[in-house]
Undergrad: 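I have a structure I would like to understand better, so I am pasting it below and will then ask my questions one at a time.
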Amino acid sequence: MPKPALHVAVTGAAGQICYSLLPRIAQGDVFGKDQPVVLQLLDLPQALKAVQGVVMELEDCAFPLLAGIVVTDDPKTAFRDIDAAFLVGSRPRSQGMERRDLLSANAEIFKVQGRALNEAAKRDAKVLVVGNPANTNAYIATRSAPDLPLGNITAMVRLDHNRALAQLAAKAGVGTAAIDKLVIWGNHSPTMFADYRFATANGRKLPELIGDETWYRETLIPTVARRGTAIIEARGSSSATSAANAAIDHMRDWVHGSDGRWVSMAVPSDGSYGVPEGLVSGAPVICAGGSYSRVTGLEIDGFARSMLDKTVAELTEERDAVAALLA
Ligand SMILES: NC(=O)c1ccc[n+]([C@@H]2O[C@H](COP(=O)([O-])OP(=O)(O)OC[C@H]3O[C@@H](n4cnc5c(N)ncnc54)[C@H](O)[C@@H]3O)[C@@H](O)[C@H]2O)c1
Ligand SMILES: O=C(O)C[C@H](O)C(=O)O
């Protein structure tokens, strides 16, 4: 007897991230290899023809777990009774644009979609915001969806986490799976803080294994921080496959658990680590039983404090910049 299908909304369905994301959801990479899904796809009216093309391709994959597809330009229809949502749809950054340029372009979208989630989604729906500026878009959605549990609206810093993991693993000469306890704090932006102070590799302390604090501070942190820009410069458009992969990692761990390992999720702050309550900020969490809990009590030394303060200041500025929209 097959399980009842989960209903999963995905916005920006005609876009490049979704072109990588949708087939992986449909083949069970997020919700499980025995879990049917109905995809509820949202995009703008002018993009619906392209979405139909994506739908034809999904049909042609004959995925056994794909139990149905809804295509719409109406957020409430897309979010009706959903169990999970990937909010990808928004304008991406092009060459020469900084993330802050996206704030005004995309803030309104997340107000409208937050309200629609509030009205139509299941009360325990898990929401992941990918569209940039992801943290502040998620903050807007939390403020616009007061009837959903605050902690169920999250944003993606998993791409930064995976980028740091890959660079650190290469430097330490270990596989990425060997590394645990890496943290991405703050905003998904060049101010994010990739913190390897607690990280281990095969049980050894990673900073000791690498033994090069200068490389960590002057190469690793800026490389991860500027990776999105480097990809835009090289590809001519922003990261897509790696962004979709990170979205899958984020939601899969949230749903199925992280086996005691630390993962980085941007979640509404509870005020800990000096991050003002409510800001959606990257933090270390452990996922289990369909929810996540923050890793608490970590020491924040002088360097970490200065890095955290910088990224939190940016999040605070972004929050203040959208205050009028939410009034
Ligand atoms: N958080 C991250 O780590 C991360 C990584 C990569 C990209 N991104 C962001 O993800 C977003 C999508 O990137 P992409 O490369 O897929 O862009 P894209 O331009 O290829 O696709 C965006 C899609 O969103 C649709 N869209 C726009 N406004 C919409 C709305 N109001 N409702 C529904 N759909 C809407 C567009 O029509 C388009 O189909 C961008 O904001 C990008 O910056 C985030
Ligand atoms: O940097 C961008 O604008 C795209 C994305 O957020 C990324 O990190 O690749």
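Just so you know, these numbers come straight off a predicted model, no measurement behind them.
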Undergrad: Take atom CZ of F198 as the centre, draw a 6.0 Å sphere, and report whether it contains more than 12 heavy atoms from other residues, nucleotides or ligands.
TA: yes
Undergrad: Test side chain to side chain donor-acceptor pair (under 3.5 Å) on N106 and N137 and set out the steps.
TA: CA-CA 7 Å; N106 289 330; N137 289 338; 5.8 Å; no
Undergrad: Establish, from distance only, whether the side-chain atoms of E277 and S269 form a donor-acceptor pair under 3.5 Å.
TA: no
Undergrad: Would one find more than 12 heavy atoms of other residues, nucleotides or ligands at under 6.0 Å from atom NZ of K33?
TA: yes
Undergrad: Counting only heavy atoms not in D124 (residues, nucleotides, ligands), do more than 12 fall under 6.0 Å from its CG?
TA: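 Yes, enclosed.
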Undergrad: Do T154 and H250 have side chains that get closer than 4.5 Å, going by heavy atoms?
TA: yes
Undergrad: Are N187 and M192 side-chain neighbours, meaning at least one heavy-atom pair lies under 4.5 Å?
TA: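 They are not in side-chain contact.
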Undergrad: Just verifying a value: how many Å separate L220 CG and K171 NZ, rounded to the nearest 0.5 Å?
TA: 9.5 Å
Undergrad: What's the spacing between Q52 CD and I69 CD1 if we round to 0.5 Å?
TA: 9.0 Å
Undergrad: Nearest 0.5 Å, please: how far is OG in S281 from OH in Y273?
TA: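 The OH atom of Y273 sits 11.5 Å away from the OG atom of S281.
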Undergrad: If a pair satisfies ring-ring contact (aromatic ring centres under 6.0 Å, His included) and one of its residues is in residues 275-327, list it, with sequence neighbours excluded.
TA: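 Matches after skipping sequence neighbours: F193-F303, W254-Y292.
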Undergrad: Measure the NZ-CG distance between K181 and D195 for me, rounded to the nearest 0.5 Å.
TA: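 So the NZ of K181 and the CG of D195 are separated by 13.5 Å.
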Undergrad: Identify whether the distance between the nearest side-chain nitrogen and carboxylate oxygen of R294 and D270 falls below 4.0 Å.
TA: yes
Undergrad: Is there any ring-ring contact (aromatic ring centres under 6.0 Å, His included) pair reaching into residues 204-235, and which pairs are they, with sequence neighbours excluded?
TA: Y196-Y216
Undergrad: When you look at NZ of K205, are more than 12 heavy atoms from neighbouring residues, nucleotides or ligands closer to it than 6.0 Å?
TA: no
Undergrad: Would you indicate whether the side-chain heavy atoms of V30 and V37 approach each other to under 4.5 Å?
TA: no
Undergrad: Is it the case that the side chains of Q40 and T72 hold a donor-acceptor pair, with the cut-off being a distance below 3.5 Å and no angle test?
TA: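 The answer is no; no qualifying pair exists.
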Undergrad: Would the number of heavy atoms belonging to other residues, nucleotides or ligands and lying under 6.0 Å from NZ of K76 be above 12?
TA: no
Undergrad: Answer yes or no: is there a donor N or O on one side and an acceptor on the other, between the side chain of H188 and the main chain of P133, under 3.5 Å?
TA: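 Answer holds: no.
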Undergrad: Could you check whether any side-chain heavy atom of W185 comes within less than 4.5 Å of a side-chain heavy atom of S264, counting everything from C-beta outward?
TA: no
Undergrad: Could you check whether any side-chain heavy atom of L182 comes within less than 4.5 Å of a side-chain heavy atom of W262, counting everything from C-beta outward?
TA: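 Sidechains of W262 and L182: no contact.
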Undergrad: Please round to the nearest 0.5 Å and tell me the distance separating atom CG of N132 and atom OG of S238.
TA: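 Interatomic distance, N132 CG to S238 OG, rounded to 0.5 Å: 7.5 Å.
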Undergrad: Looking only at atom types and distance, does a side-chain atom of N135 sit under 3.5 Å from a main-chain N or O of V280, one as donor and one as acceptor?
TA: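 Indeed, once roles are kept as given, a pair shorter than 3.5 Å links the two residues.
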Undergrad: Would you tell me whether E318 and Y139 have side-chain atoms, one donor and one acceptor, within less than 3.5 Å of each other?
TA: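 Result is no, nothing qualifies.
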Undergrad: Please enumerate all residues that pass side chain to side chain donor-acceptor pair (under 3.5 Å) together with T229, with sequence neighbours excluded.
TA: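 Applying side chain to side chain donor-acceptor pair (under 3.5 Å) to T229 gives R93.
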Undergrad: In terms of heavy-atom contacts, does CZ of R115 have more than 12 from other residues, nucleotides or ligands at under 6.0 Å?
TA: no
Undergrad: Is there side-chain contact between V285 and V263, with heavy atoms separated by less than 4.5 Å?
TA: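 Contact flag for V285/V263 side chains = yes.
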Undergrad: Can you tell me if CZ on R24 sees more than 12 non-hydrogen neighbours from other groups inside 6.0 Å?
TA: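 Yes, because the 6.0 Å sphere around CZ of R24 holds more than 12 heavy atoms from other groups.
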Undergrad: Charged N to carboxylate O under 4.0 angstrom, D83 versus K126?
TA: no
Undergrad: Hey, any chance L103 and I232 share a hydrophobic cluster, counting ILVMFWY side chains that come within less than 4.5 Å of each other, even indirectly?
TA: no
Undergrad: If you measure from the Lys or Arg side-chain nitrogens to the Asp or Glu carboxylate oxygens, is any gap between D309 and R305 under 4.0 Å?
TA: yes
Undergrad: Quick check: does any side chain N or O of R158 sit under 3.5 Å from a backbone N or O of A266, one acting as donor and the other as acceptor?
TA: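 Checked: no pair found.
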Undergrad: Applying side chain to side chain contact (heavy atoms under 4.5 Å, CB included) between L168 and each of V224, I179, T176, report the one that passes.
TA: I179
Undergrad: Might you confirm whether atom CZ of R319 has over 12 heavy atoms from other residues, nucleotides or ligands at distances under 6.0 Å?
TA: yes
Undergrad: Would you say D160 and R163 make side-chain contact, with heavy atoms under 4.5 Å?
TA: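 In short, these two side chains touch, coming nearer than 4.5 Å.
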Undergrad: Could you tell me whether E213 and R217 have a side-chain N and a carboxylate O separated by less than 4.0 Å?
TA: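 Yes.
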Undergrad: Just verifying a value: how many Å separate L41 CG and C18 SG, rounded to the nearest 0.5 Å?
TA: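 The CG atom of L41 sits 8.0 Å away from the SG atom of C18.
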Undergrad: Can you tell if the side chain of D147 reaches within under 4.5 Å of the side chain of R123, non-hydrogen atoms only?
TA: yes
